[in-house]
Structure formats: structure tokens, C-alpha cells
Amino acid sequence: MTPRDPALAIRLEGCAKTFADGTKALAPLDLAIGAGETLAFLGPSGCGKTTLLRLIAGLDSPDPGGRVWFDDKEVTPLPIERRQVGMVFQSYALFPNMTVAENIAYGLKVRGEPRDRRRTRVAELLAMMRIEALAGRAIDQLSGGQRQRVALARAIAPRPRLLLFDEPLTALDAKLREALRLEIDGLLRKLGTTAVYVTHDQAEAMALGDRIVVMNHGRIAQIGTPHEIYHHPADRFVAEFVGLMNHVSGEIRDGWLHCPAGRIPLDRETAAGQGEVMFRPETVCLAGTGETHLKGTLAASFFLGDRTRLLVDGIGEQSIVVDVVGPVDLPLGTPVPLRIQSPAMAAKGST
């Protein structure tokens, strides 16, 4: 097996993107990606995450003044074929007139690899992806999951120093998406290659990203580990986009938010006055015989297997979402005492 090149560090300086019609897809931004890191770009459609990926790939150029660096080499003017990157697309982008093995070997053939080395590398990748039996099949004879494995194998065949994923699992069903997500995570850890993963699916970003870049309207809203993004969102947009979030308004004083349904402990010193707090569904539980912070009325109940999701009215302007471990058998309209297990976050303004 040929030794792989050391992982690549990426740096973007002042990169913005304005399209020919005047649309500003990206505001000027700086970004550093560590060697061997998997960085996930997360955000809604149109937020600029794919545009940013294309700038890194060399498929698009930044506005004048923007610069892209691979290690200590500026690659801004270089097209994708000269950047030593591998890409995996949502559409797979496989060649229908080639077999599985021929698709995987394509990049190696373009680079002029000798036939015997191509054959060895293809066999290695077929085994890695557990698709040896598919080597001679045409692409239209494959399932969606099999096609995605072929696309992965083709992307890593030339041993790129950077792997780029553009929403590669979106077209798959939920169960297959989860299975392939686990495979991609294991693959990236095995290869040690620097990777950038674009998705609008927060579960994918949380599972695969060493860090997550949350984007909104062409700007970076927050960069952090999955734990930081989820538990310490930088603003209201991040808090609401990543996971479910409850909101309750009332009067803040003495480290609590007071509302007609009770009071909620805060996670930090907050100026007294009218305000709003946010807390996750899993940080609330049925109070039972313990301390009660809030009292509401059960409006709906959904059994989700490992937990039951309750919707509780009478506390905020909208129903409060409460996730309780295991089954809960309560009739609708039942008074529900709740306890906040983790202090709530004072709500910040949106970006």
C-alpha cells in the first residue's frame, strides 16, 4: 500500500462571492481548517455553504482580494484538477457507460497510473467498501447506497489530501443514510484525510464534524464543536436551527425568569427586567415529588420508542416540548408539573 501524503491544512482569507447577476452568496470571511480535521458546514438552503465548498474545491473563484491556501501554498488561481481534492456529490456523478471498477479507476487512469497499480488500488477499494461482488456491474444496476459507496471509492482512489462532500446522503432513505453516515465516519478516521462536509442535516453534522460551521445568509453564525454548538449557541438563529428549543418570556430577577406558570433558573447573571429564556426539551422532566419549576397542561403525547415527547400548554406562547425517557401514560388535559434540570439560557438576538 502506498503511504499517504500528510493531511492538508486549509486557510481562507477574506473570501467572498458575488455572482454575475449581483447576488451576494458569501460575505467576506476567514476560515482555518486543521490538518486531518473533518469540518461540517451546516445551514439552511441558500445560506452559502455549498458556495464556500466550491471556493475550497476550485470550482468557483472568490471575489477579488479573497485567497485560498493549502498549507503554505496559495491555490486561489488553481482549478479543481490541480488541487488534489476528491469530491462526493449528492447526485453521485458516476459514469453510466462504465462498470463499477472502471468508475473507481477513472481518476487513476487520468493521472497516468500504470494498469497493474490501478488494478491493485481498485481491488483494495472494492474490499474497503465491501462491494467486491459489484466490480463488473453497470451503474444502473446498483441501488442508491451501492452507488454512494462507488462514488466514495472513486473519490479516494487517487489518495487526495482533501475530501469534499456536498450533501452526499440527501437522496437516501433515513435508515440507509444513518448506516452510510457511520461508514463515512469510520472511513475518515481510518484515512486521516482532511475533510469538508456540507449538509443541512444537523444529525449528520453532529455525528461527522470535529467542528461545525453554522452558516446563515452568507455569513458564519458560529464555529465550534458539536457540544459547543448545541449547548452554547452563539445566537438565537443557531439555537433554533440546531435541535429543538423552548422559549418562555417573563420577568428576570435574582437569577430566575418568573412567569405566570412558575420560574426558571438561569445559567448566568442576567440584568433584571423583561426577558426571554431558552431551554432544550431533554433538560425538562416531570417533577413528580421533586421541586416544581413550572406547571402546565398536557396538550399532546407522542411515543418515539426510546422516549416520549410531550407538548405542554399554559407556560409559553407556544407549547413547551418535553422529552421524557420511556413511556408516559397520561390523559390529555392532565396538569403537568415540570422541573428544569439544567439552567436555561437567556435568549440573545438573532443574526
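Note: hydrogens, waters and symmetry copies are ignored here, and every other heavy atom, side chains too, is used. Predicted, not measured: the structure shown is a model, and the values here were computed from it.
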Quiz prompt | Main-chain N/O of Ser143 paired to Gln146 side chain as donor or acceptor, under 3.5 Å | solution =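 Pair found, side chain donor or acceptor close to backbone of Ser143.
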
Exercise. State, to 0.1 Å, how close Thr199 and Glu204 come at their nearest heavy-atom pair, and which atoms those are.
Key: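 It is OG1-OE1, 3.2 Å.
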
Quiz prompt | Over 12 foreign heavy atoms within 6.0 Å of CD, Glu240 | solution =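 Check passes, neighbour count above 12.
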
Quiz item: Do Asp21 and Thr23 have side-chain N/O donor and acceptor atoms under 3.5 Å apart?
Solution: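 Side chains of Asp21 and Thr23: pair found under 3.5 Å.
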
Quiz item: Does Glu228 pair with Arg211 as a salt bridge, N-O distance under 4.0 Å?
Solution: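 No, this pair does not count.
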
Quiz item: Do Val85 and Phe165 share a hydrophobic cluster, counting only Ile, Leu, Val, Met, Phe, Trp and Tyr and linking them when any side-chain heavy atoms are less than 4.5 Å apart?
Solution: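 No, because Val85 and Phe165 fall into different hydrophobic clusters, even though each may have its own neighbours under 4.5 Å.
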
Quiz item: Are there more than 12 heavy atoms of other residues, nucleotides or ligands under 6.0 Å from atom CD of Gln341?
Solution: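 Yes, CD of Gln341 has more than 12 neighbouring heavy atoms, counting only those of other groups under 6.0 Å.
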
Quiz item: Between Met87 and Leu53, is any pair of side-chain heavy atoms under 4.5 Å apart?
Solution: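 Touching, per the 4.5 Å side-chain cut-off.
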
Quiz item: Looking only at heavy atoms, which two atoms of Met206 and Ile212 are closest? And how far apart?
Solution: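 Looking at all heavy atoms of both residues, the shortest contact is SD-CD1, 3.8 Å.
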
Quiz item: Under 3.5 Å, is there a donor-acceptor pair between the Tyr92 and Gln148 side chains?
Solution: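 No pair is found: no donor N or O on one side chain lies under 3.5 Å from an acceptor on the other.
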
Quiz item: How close do Pro226 and Gly209 get, heavy atom to heavy atom, and via which atoms?
Solution: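 Taking every non-hydrogen atom into account, CG-O, 3.4 Å.
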
Would you list the atom pairs, donor with acceptor, under 3.5 Å between side chains in residues 104-114 and any protein atom, with sequence neighbours excluded?
{"from": "Glu113", "atom 1": "OE1", "to": "Arg117", "atom 2": "NE", "distance (Å)": "3.4"}

Quiz item: Just by distance, with hydrogens left out, do Gln222 and His232 show a side-chain donor and acceptor under 3.5 Å apart?
Solution: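 Not at all, the side chains of Gln222 and His232 share no donor-acceptor pair under 3.5 Å.
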
Practice problem: Calculate, to the nearest 0.5 Å, the distance between atoms CZ and CG belonging to Phe89 and Leu94 respectively. | Solution: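 With rounding to 0.5 Å, CZ (Phe89) is 10.5 Å from CG (Leu94).
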
Practice problem: State the CD1-CG distance between Ile340 and Leu294, to the nearest 0.5 angstrom. | Solution: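 One finds 5.0 Å between CD1 of Ile340 and CG of Leu294.
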
Quiz item: Between the main-chain N or O of Thr99 and the side-chain N or O of Glu102, is there a donor-acceptor pair closer than 3.5 Å?
Solution: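 Such a contact is found between Glu102 side chain and Thr99 backbone.
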
Self-check item: Heavy-atom check, side chain of Leu152 versus side chain of Met129, under 4.5 Å
Solution: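 Touching, per the 4.5 Å side-chain cut-off.
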
Quiz item: Is Thr38 reaching over with its side chain to a backbone N or O of Ala195, donor-acceptor style, under 3.5 angstrom?
Solution: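 No, Thr38 side chain to Ala195 backbone: no donor-acceptor pair under 3.5 Å.
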
Practice problem: Determine yes or no for a side-chain-to-main-chain donor-acceptor pair under 3.5 angstrom, with Arg83 supplying the side chain and Ile56 the backbone. | Solution: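 Yes, the answer is positive, given that a donor and an acceptor are paired below the 3.5 Å cut-off.
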
Quiz item: For Arg253 and Glu251, what are the C-alpha separation, side-chain angles and deciding distance, and is it a salt bridge (charged side-chain N to carboxylate O under 4.0 Å, His left out)?
Solution: CA-CA 6 Å; Arg253 64 175 187 273; Glu251 182 184 358; 3.1 Å; yes

Quiz item: What distance separates Asn246 CG from Ile320 CD1, expressed to the nearest 0.5 Å?
Solution: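 The CD1 atom of Ile320 is 4.0 Å from CG of Asn246, to the nearest 0.5 Å.
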
Practice problem: Classify the side-chain pair Asp166/Thr50 by whether it contains a donor and acceptor separated by less than 3.5 Å. | Solution: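 A donor-acceptor contact under 3.5 Å links the two side chains.
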
Quiz item: Heavy-atom distance under 4.5 Å between the side chains of Pro343 and Leu266, does that happen here?
Solution: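 In short, these two side chains do not touch, never coming nearer than 4.5 Å.
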
Quiz item: Is there a donor-acceptor contact under 3.5 Å from the side chain of Lys49 to the main chain of Met215?
Solution: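 Answer holds: no.
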
Quiz item: Would you say Asp185 and Arg189 make side-chain contact, with heavy atoms under 4.5 Å?
Solution: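 A side-chain contact under 4.5 Å exists here.
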
Quiz item: In Å, rounded to the nearest 0.5 Å, how long is the span from CZ of Phe70 to CZ of Arg161?
Solution: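 These two atoms lie 9.5 Å from each other.
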
Quiz item: Any side-chain heavy atom of Phe302 sitting closer than 4.5 Å to one from Leu311?
Solution: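 A side-chain contact exists here, since the closest heavy-atom pair is under 4.5 Å.
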
Exercise. Give a yes or no answer on whether the side chain of Arg219 reaches the backbone of Ala27 with a donor-acceptor pair at less than 3.5 Å.
Key: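 Absent.
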
Quiz prompt | Asp173 and Arg177 ion-paired at < 4.0 Å | solution =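 No, Asp173 and Arg177 are not salt-bridged.
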
Quiz item: Where the side chain of Thr194 meets the backbone of Gly36, is there a donor-acceptor pair that is under 3.5 Å apart?
Solution: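 A pair under 3.5 Å: yes.
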
Exercise. For the pair Lys17 and Asp63, evaluate side-chain contact (heavy atoms from CB on, under 4.5 Å) and give the outcome as yes or no after the intermediate values.
Key: CA-CA 5 Å; Lys17 184 61 181 178; Asp63 292 348; 4.2 Å; yes

Practice problem: Flag the pair Glu13 and Arg11 as a salt bridge only when some basic side-chain nitrogen lies within less than 4.0 angstrom of an acidic carboxylate oxygen. | Solution: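 Yes, charged N to carboxylate O under 4.0 Å.
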
Quiz item: Between Val196 and Ile33, is a side-chain contact (heavy atoms from CB on, under 4.5 Å) present by the stated rule, with each step listed?
Solution: CA-CA 9 Å; Val196 177; Ile33 306 172; 3.7 Å; yes

Practice problem: Kindly compute the distance separating CD1 (Ile229) from CZ (Phe241), expressed to the nearest 0.5 Å. | Solution: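 Answer for the CD1-CZ pair, Ile229 versus Phe241, is 11.5 Å.
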
Practice problem: Mind running salt bridge (charged side-chain N to carboxylate O under 4.0 Å, His left out) on Arg130 and Glu183 for me, showing each step along the way? | Solution: CA-CA 11 Å; Arg130 301 191 300 278; Glu183 290 187 17; 3.0 Å; yes

Quiz item: How about Asp306 and Val325: do any of their side-chain heavy atoms sit closer than 4.5 Å?
Solution: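 When only atoms from C-beta onward are counted, Val325 and Asp306 do not touch, as no gap falls below 4.5 Å.
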
Self-check item: Pair Phe279-Val284, side-chain contact (heavy atoms from CB on, under 4.5 Å): steps then yes or no
Solution: CA-CA 8 Å; Phe279 53 94; Val284 195; 3.4 Å; yes

Quiz prompt | Glu37 (side chain) donor-acceptor with Gly34 (main chain) under 3.5 angstrom | solution =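 Confirmed, Glu37 side chain pairs with Gly34 backbone.
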
Practice problem: Would you name the heavy atoms of Ile252 and Ala271 that are closest together and state the gap between them? | Solution: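 Smallest interatomic distance, heavy atoms only, reads CG2-O, 3.6 Å.
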
Quiz item: Leu191, Leu8: one ILVMFWY side-chain cluster at the under-4.5 Å cut-off?
Solution: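 In one cluster with Leu191: Leu8, no.
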
Exercise. Using modelled atom types only, decide if a donor and an acceptor are shared between the side chain of Asp71 and the backbone of Lys73 within a distance under 3.5 Å.
Key: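 Not a single qualifying donor-acceptor pair exists.
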
Quiz item: Got a donor-acceptor contact below 3.5 angstrom from the Arg149 side chain to the Ile131 backbone?
Solution: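 Checking the backbone N and O of Ile131 against the side chain of Arg149, no donor-acceptor pair under 3.5 Å is found.
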
Quiz prompt | Heavy-atom pair of closest approach, residues Arg54 and Asp60 | solution =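 So the two residues come closest at NE-OD2, 2.9 Å.
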
Exercise. Report yes or no: do Ile223 and Tyr197 belong to one cluster of Ile/Leu/Val/Met/Phe/Trp/Tyr joined by side chain heavy-atom distances under 4.5 Å?
Key: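 Not linked; separate clusters.
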
Quiz item: Rounded to the nearest 0.5 Å, what separation is found between the OG1 atom of Thr308 and the CG atom of Asp323?
Solution: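 These two atoms lie 9.0 Å from each other.
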
Quiz item: Listed by chain and number, what are the side chain to side chain contact (heavy atoms under 4.5 Å, CB included) partners of Glu291, not counting sequence neighbours?
Solution: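 Counting only residues at least two positions away or on another chain, Glu291 forms a side chain to side chain contact (heavy atoms under 4.5 Å, CB included) with Trp256, Arg263, His293, Arg339.
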
Quiz prompt | Donor-acceptor side-chain pairing of Glu167 and His200 below 3.5 angstrom | solution =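 Note: Glu167 and His200 side chains meet the donor-acceptor criterion.
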
Practice problem: In sequence, state the C-alpha distance, the side-chain angles, and the governing distance for Tyr230 and Val238, and then conclude on side-chain contact (heavy atoms from CB on, under 4.5 Å). | Solution: CA-CA 8 Å; Tyr230 188 82; Val238 177; over 6 Å; no

Quiz item: Does atom CG of Asp140 have more than 12 heavy-atom neighbours from other groups under 6.0 Å away?
Solution: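 Correct, the count exceeds 12.
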
Quiz item: How about Arg67 and Leu12: do any of their side-chain heavy atoms sit closer than 4.5 Å?
Solution: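 They are not in contact (no side-chain heavy atoms under 4.5 Å apart), so the answer is no.
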
Self-check item: Leu208-Val198 co-clustered via ILVMFWY side chain contacts under 4.5 Å
Solution: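 No, it is not one cluster - the side chains of Leu208 and Val198 are not joined through contacts under 4.5 Å.
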
Quiz item: Got Pro281 and Val322 here, is their nearest side-chain heavy-atom distance under 4.5 Å?
Solution: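 No, every pair of side-chain atoms sits at 4.5 Å or beyond.
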
Practice problem: Determine the minimum heavy-atom distance between Leu142 and Arg147, stating which atoms define it. | Solution: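 Scanning both residues, the minimum pair turns out to be O-NE, 3.2 Å.
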
Quiz item: With hydrophobic residues grouped by side-chain heavy-atom distances under 4.5 Å, do Leu39 and Leu163 end up in a single group?
Solution: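 Looking at the clustering, Leu163 is in a separate group from Leu39.
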
